[in-house]
S.K.: 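First the structure, which I've put down as structure tokens, then a few questions once you've had a look.
The chains referred to below are lettered A, B, ... by the order of the sequence lines, with proteins before strands, and numbering in each begins at 1.
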Amino acid sequence: MSRFWKPGTERPQGRVVDDEEGGVIFLSGSHHSSSSSGYGHASIDKQRQRLPVFKYRTAILYLVETRATTIIVGETGSGKTTQIPQYLKEAGWAAGGRLIACTQPRRLAVQAVASRVAEEMGVKLGDEVGYTIRFEDVTKPNVTVLKFLTDGVLLREMMDDPLLTKYSVIMVDEAHERSISTDILLGLLKKIQRRRPELRLIISSATIEAKSMSDFFQMRFSSALAIRKRREPENEGHGLQVEPAILSVEGRGFNVQINYAEEAVQDYVQAAVSTVLLIHEREPAGDVLVFLTGQDDIEAAAQLLADEVHTNGKHSSGLIVLPLYSGLPRAEQELVFSPAPRGKRKVVISTNIAETSLTLEGIVYVVDSGFSKQRFYNPLSDIENLVVAPISRASARQRAGRAGRVRPGKCYRLYTEEYFLNHMSNEAIPEIQRSNMVSCVIQLKALGIDNILGFDWPASPSAEAMIRALEVLYSLGVLDDDAKLTSPTGFQVAELPLDPMVSKMIIASSQLGCSEEIITIAAVLSVQSIWISGRGIQKESDEAKLRFAAAEGDHITFLNVYKGFHQSGKSSQWCHKNYINYHAMRKVLEVREQLKRTAKRIGLVLKSCESDMQVVRKAVAAGYFANACHLEAYSHNGKYKTLRGSQEVYIHPSSVLFRVNPKWVIYNSLVSTDRQYMRNVITIDPSWLMEAAPHFYQLQQSNPLLR
DNA sequence: GAGCACTGC
């Protein structure tokens with residue numbers, strides 16, 4: 001078991017406790033250091049010192065000084081995110097033109113934390129403290145020393161500076177969420193440390209599963225130390241400690257009493273509704289947050305509660321029921337933040353969005369269905385599916401914690417304690433093991449990681465998924481026979497912040513002379529949906545859609561919408577009138593501008609094909625040839641077969657080609673319900689497939705359909 | 001005639 005402090009080094013105050021599991025070190029006890037901060041007002045300094053993380057200030061700085069990697073386990077409210085970067089700055093880690101980085105998984109968090117820290121330090125946001133997210137760089141070269149950014153942006157930065165040389169410390173926050181970007185970043189940072197032993201990492205996580213993260217960085221250090229010993233035997237003993245330290249910081253949450261269902265629940269929507277009514281009847285004032293899986297569940301539960309108010313008013317009056325999910329129009333989303341009027345009780349029925357992305361104040365009761373929608377990827381069929389699945393125990397704890405932000409709360413779990421203990425997994429499967437890997441693979445390739453299959457991940461994706469990704473990239477002409485990036489296509493695809501199939505489509509459009517149009521289509525495909533839909537306006541929105549419908553399919557329809565939007569002067573009234581989502585269109589404009597800049601930079605030709613829609617369809621086929629489908633002969637119900645796997649698929653009813661059923665189509669994505677539905681469909685000529693991907697369809701030349 | 005958990009570049 002290693003020691004915590006080095007002989008000859010000043011020992012931090014406080015108690016050092018070795019963890020029984022061996023090798024893991026926790027610090028506890030309190031030790032105050034006088035704040036050397038010269039920033040801000042006394043009141044801000046006082047506030048900062050009251051945060052739980054403050055009493056670990058010296059210990060944290062000591063660990064960062066002596067360990068290459070420090071893992072901080074901190075519950076919400078510990079202050080780690082806002083304070084640690086400031087401690088580092090105060091301790092001199094930003095001296096000599098170096099930067100301190102702190103990453104977040106989400107854009108909103110980056111902005112919020114950066115502005116809070118700027119305020120605490122009494123500086124203007126964008127000067128000493130800045131942030132970078134997609135579309136927004138609020139930093140000043142040579143001025144900004146504390147930089148907050150999404151982990152995705154830091155990954156992009158590595159394409160220009162693979163060793164991230166300008167940073168002295170990188171703090172990866174919310175690492176327990178295990179997003180794809182976080183996992184790639186952690187894998188790459190581990191490699192960087194081998195080349196840059198002076199770089200310090202802080203991995204911050206909300207769960208105690210920090211042990212596995214510690215193991216991940218531990219192995220690297222054993223080998224790095226071995227290397228150092230071989231090279232510089234005289235330096236032995238002066239290097240960094242090989243073992244990542246784990247430091248635990250308590251949070252500021254209130255106690256939440258957990259209640260389990262006594263027996264398994266058959267219908268969690270109904271059970272959630274009954275539980276809400278029970279809380280309303282028996283419990284003192286306080287808002288309720290209900291976790292369900294999706295829009296359907298949420299609307300059903302809201303309806304049941306509304307019915308209850310009607311038929312059984314005396315028990316359920318005083319309830320204000322508010323749905324919450326990301327697809328909800330902005331104005332309705334805002335409603336959940338307004339406090340309930342006096343004497344009323346707010347019930348927010350939400351998806352997972354309220355688990356991490358949004359924080360609601362005033363929640364005292366949480367009702368947890370125990371389920372969420374999760375993405376799963378099947379590398380054999382190359383299809384991603386959304387399925388309702390049980391959440392993890394970590395997720396259940398996070399949901400419960402939402403009840404304890406303002407005062408002690410209660411959580412009602414709609415499953416048994418036995419189920420929680422014996423049937424739920426401790427942590428969710430990392431996203432990287434549930435996703436298509438094409439984007440990851442190309443990103444690593446672009447960073448010069450040749451041995452993709454041997455890459456050291458915090459959690460390895462399946463070999464099947466990796467091989468499938470390599471196959472797809474090879475068929476796109478992005479990788480060559482040696483699995484190296486092709487030039488220029490491979491490098492161009494890697495530069496574009498899009499799925500490789502979309503990127504390929506853009507590159508083809510440059511050659512076909514329709515890049516203006518294809519970039520618009522790519523931008524529309526990268527936002528959730530440009531259409532406004534929902535209960536009660538289906539007929540109107542369908543009619544509005546018909547005004548833009550193109551015989552060639554959805555992609556061309558998008559162009560018509562964009563054209564109309566542009567001609568209206570980008571008017572929100574125009575969007576409203578045509579059942580178009582204005583916010584989505586603003587995003588389309590942003591993405592479009594970014595793509596145009598990138599396209600120019602990588603040497604693509606920006607050109608419009610005016611009204612020649614055939615070249616646009618050809619460009620789509622150049623990226624999406626693998627998604628070609630043929631209408632079954634004599635099919636009366638619109639049954640298609642995929643060319644690649646002869647899978648049975650249907651055109652989605654939201655497509656403008658629904659019921660039109662052209663003979664040959666290409667789809668953008670599949671959604672699986674009782675059937676496989678193709679979303680965003682365009683007509684093609686089958687001869688373009690052989691043109692676009694001769695190698696891919698070579699084996700199918702004998703296919704009578706293609707002759 | 002059906003449906004989109006949530007992020008990110």
S.K.: Does B:dC6 have OP1 or OP2 sitting under 4.0 Å from an N or O in the side chain of A:Thr351?
M.R.: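 Yes.
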S.K.: Pair A:Ile602, A:Leu496 - check side chain to side chain contact (heavy atoms under 4.5 Å, CB included), show working.
M.R.: CA-CA 9 Å; A:Ile602 60 178; A:Leu496 288 160; 4.1 Å; yes
S.K.: Once side-chain contact (heavy atoms from CB on, under 4.5 Å) is applied, do any residues pair with A:Thr356, and if so which ones, sequence neighbours excluded?
M.R.: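 Applying side-chain contact (heavy atoms from CB on, under 4.5 Å) to A:Thr356 gives A:Arg106, A:Glu177, A:Gln398.
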S.K.: Can you figure out which of B:dG8, B:dC4, B:dT7 approaches the side chain of A:Gln295 most closely?
M.R.: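 The answer is B:dC4.
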S.K.: Answer yes or no: is there an ion pair linking A:Arg592 with A:Glu516, defined by an N-O contact shorter than 4.0 Å?
M.R.: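 A salt bridge is present here (some side-chain N lies under 4.0 Å from a carboxylate O).
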S.K.: Determine: side-chain N/O of A:Arg107 to OP1/OP2 of B:dC9, distance under 4.0 Å, yes or no.
M.R.: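 Result: yes.
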S.K.: Given atom CG of A:Asp151 and atom P of B:dG8, what is their separation to the nearest angstrom?
M.R.: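 These atoms are roughly 10 Å apart.
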S.K.: Tell me whether A:Asp173 is salt-bridged to A:Lys80, with the criterion being a basic N under 4.0 Å from an acidic carboxylate O.
M.R.: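 Result for this pair is yes, salt bridge flagged.
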S.K.: In whole angstrom, give the distance that lies between atom CD1 of A:Ile432 and atom P of B:dG8.
M.R.: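 Atom-to-atom, A:Ile432 to B:dG8, this comes out as 17 Å.
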S.K.: Need one value for A:Ser326: base, sugar-phosphate or nothing, where a base atom within 4.0 Å counts as base even if backbone is also close, heavy atoms only.
M.R.: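 A:Ser326: backbone/sugar contact only, no base atoms under 4.0 Å.
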S.K.: Would you indicate which nucleotide in B:dG3, B:dG1, B:dT7 comes nearest to any side-chain atom of A:Ser357?
M.R.: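 Looking only at side-chain atoms, A:Ser357 lies closest to B:dT7.
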S.K.: Give the nucleotide from the list B:dG8, B:dC4, B:dA2 with an atom nearest to the side chain of A:Leu386.
M.R.: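 Nearest nucleotide to the side chain: B:dC4.
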S.K.: Tell me whether the side-chain N/O atoms of A:Ser526 come closer than 4.0 Å to OP1 or OP2 in B:dC9.
M.R.: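 Result: no.
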S.K.: State which of B:dC6, B:dG8, B:dC4 makes the closest approach to the side chain of A:Ser529.
M.R.: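 Closest nucleotide to the A:Ser529 side chain: B:dC4.
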S.K.: Taking the side chain of A:Ile353 as heavy atoms from C-beta outward, which of B:dG3, B:dC6, B:dG1 is closest to it?
M.R.: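 Selected nucleotide: B:dC6.
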S.K.: Using the closest heavy atom to pick a nucleotide of DNA chain B for each, name whichever of A:Lys373 or A:Leu496 lands nearer the 5' end.
M.R.: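 Its nucleotide being nearer the 5' end, the pick is A:Lys373.
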S.K.: Nearest whole Å is fine: how far is B:dC4 P from A:Arg675 CZ?
M.R.: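 For the pair A:Arg675 CZ and B:dC4 P, the rounded distance is 15 Å.
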S.K.: In this structure, are over 12 heavy atoms from other groups packed under 6.0 Å from A:Gln528 atom CD?
M.R.: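 Not buried by this count: 12 neighbours or fewer within 6.0 Å.
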S.K.: Separation of A:Lys545 atom NZ from B:dG3 atom P, in whole Å?
M.R.: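 Going from A:Lys545 (NZ) to B:dG3 (P), I get 14 Å.
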S.K.: What is the distance from CE of A:Met158 to P of B:dC9, rounded to the nearest Å?
M.R.: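 The distance from CE of A:Met158 to P of B:dC9 comes to 16 Å, rounded to the nearest Å.
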S.K.: Once you round it to whole Å, what is the distance between C1' of B:dC6 and CD of A:Gln398?
M.R.: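 Nearest whole value for this atom pair: 13 Å.
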S.K.: Which part of the nucleic acid does A:Val671 contact within heavy-atom distance under 4.0 Å: base, sugar-phosphate only, or nothing?
M.R.: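 Answer is sugar-phosphate: A:Val671 comes under 4.0 Å of backbone atoms only.
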S.K.: So if I take every side-chain heavy atom of A:Pro497 and compare against B:dC6, B:dA5, B:dC9, which nucleotide ends up nearest?
M.R.: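 My answer, after comparing the listed nucleotides, is B:dC9.
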S.K.: Starting the side chain at C-beta, find the nucleotide from B:dC9, B:dT7, B:dA2 nearest to A:Ser654.
M.R.: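 Out of B:dC9, B:dT7, B:dA2, the nucleotide with an atom closest to A:Ser654's side chain is B:dA2.
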S.K.: I want to check one thing: is the phosphate of B:dG8, taken as OP1 and OP2, less than 4.0 Å away from some side-chain N or O of A:Ser179?
M.R.: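 Checking A:Ser179 against B:dG8: no side-chain N or O falls below 4.0 Å of OP1 or OP2.
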S.K.: Tell me the interatomic distance from A:His176, atom NE2, to B:dC6, atom P, rounded to whole angstroms.
M.R.: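 Rounding to the nearest Å, NE2 of A:His176 and P of B:dC6 are 18 Å apart.
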S.K.: To the side chain of A:Phe658, which of B:dC6, B:dG8, B:dG1 is closest?
M.R.: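 Of B:dC6, B:dG8, B:dG1, B:dG1 is nearest to the side chain of A:Phe658.
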S.K.: Could you work out which one of B:dG1, B:dC4, B:dC9 sits closest to the side chain of A:Arg679?
M.R.: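 Per side-chain heavy atoms of A:Arg679, the pick is B:dC4.
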S.K.: Can you label the angle between the A:His652 ring and the A:Tyr677 ring as parallel, tilted or perpendicular, going by 30° and 60°?
M.R.: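 Judged by the thresholds at 30° and 60°, the geometry between A:His652 and A:Tyr677 is perpendicular.
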S.K.: Given atom CZ of A:Arg106 and atom P of B:dT7, what is their separation to the nearest angstrom?
M.R.: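 That distance rounds to 8 Å.
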S.K.: Contact class for A:Gln528 vs. all strands (heavy atom < 4.0 Å): base, sugar-phosphate, or nothing?
M.R.: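 Base: the residue A:Gln528, judged by heavy atoms under 4.0 Å, touches a nucleobase.
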S.K.: Base, sugar-phosphate or nothing for A:Asn637? Non-hydrogen atoms, less than 4.0 Å.
M.R.: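 A:Asn637: no heavy atom of the nucleic acid under 4.0 Å.
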